[in-house]
Amino acid sequence: MLANDRRIAENTARIPHPYALADAQTFLAAANRSADETTLLITLPQDQVIGICALELREGPAPELGYWLGVPYWGRGYATEAVRALIDHAFAELGHDALQAGARVTNPASRRVLEKCGFQWTGVGLYRIRALKSSAPIDRFRLERGIWASLKSWGAARRVA
């Protein structure tokens, strides 16, 4: 039900609008079937699903990080928390050297999530947006393992002090 919101679909590459039960079933059947993909649910402590956060190897050697969060949960820090957890998993457990991500230029909140997580802007590109049935401009971002390691150590140093 949360994914069936035009505001979400228009800010993601693959979510159609309207988003029907059959779309959700297709997504769930395909999730984590490939070694090139890691899809995690974003949940509240009561196991209520409020979004998705995923890594997928699309173009180039660095996987693409993507996420969406149900509109009632926007602006509460959940996306940043989920993205940070997936970044930690990608570098610490999966051994990736870099990650890439994109945010529509009309979505400053998503851009801010990526920046808070250490991603650096690398340029502008186009994404095919399924819900729009056309392409839209996006800001491109990249996070290197070394930057992530530095940010992790700086955070640990601040907690000790």
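What's counted below: heavy atoms across the whole structure, side chains too, no hydrogens, waters or symmetry copies. For reference, positions follow the sequence shown, starting with 1.
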Checklist entry - Can you name the nearest heavy-atom pair linking Arg128 to Ser134, along with the distance? => result NH1-CA, 3.0 Å

Item to check | Spatial distance of atom CD (Gln48) from atom CG (Leu41) [nearest 0.5 Å] | outcome: 12.0 Å

Checklist entry - CG of Asp23 to CZ of Arg130: how many Å apart, nearest 0.5 Å? => result 6.0 Å

Checklist entry - Roughly how far, to the nearest 0.5 Å, is the CZ atom of Arg84 from the CG atom of Leu86? => result 13.5 Å

Checklist entry - Between Glu37 and Arg33, is there a salt bridge with N-O shorter than 4.0 Å? => result no

Checklist outcome for this item: For Ala24 and Tyr19, the nearest pair of non-hydrogen atoms, with its separation, is CA-OH, 3.3 Å

Checklist entry - Any Lys/Arg nitrogen of Asp88 or Lys152 sitting under 4.0 Å from an Asp/Glu carboxylate oxygen of the other? => result yes

Checklist entry - Atom CG in Leu55, atom CG in Leu65: separation rounded to 0.5 Å? => result 5.0 Å

Item to check | Common cluster, Leu28/Ile52, ILVMFWY with side-chain heavy-atom separation under 4.5 Å | outcome: yes

Checklist outcome for this item: To the nearest 0.5 Å, atom CD of Gln100 lies from atom CG of Leu114 at 12.0 Å

Item to check | Trp68 and Asn11, any side-chain heavy atoms less than 4.5 Å apart | outcome: no

Checklist entry - Taking 4.0 angstrom as the limit, do Lys116 and Glu81 come out as a salt bridge? => result no

Checklist entry - Are any non-hydrogen side-chain atoms of Leu94 and Thr38 less than 4.5 angstrom apart? => result yes

Next on the checklist: So which atom in Cys117 and which in Leu143 form the shortest heavy-atom distance, rounded to 0.1 Å?
Outcome noted: O-CD2, 3.8 Å

Checklist entry - Taking the side chain as C-beta and beyond, is there a heavy-atom pair between Glu10 and Arg104 under 4.5 Å? => result yes

Checklist outcome for this item: d(Ser110 OG, Phe141 CZ) to nearest 0.5 Å is 8.0 Å

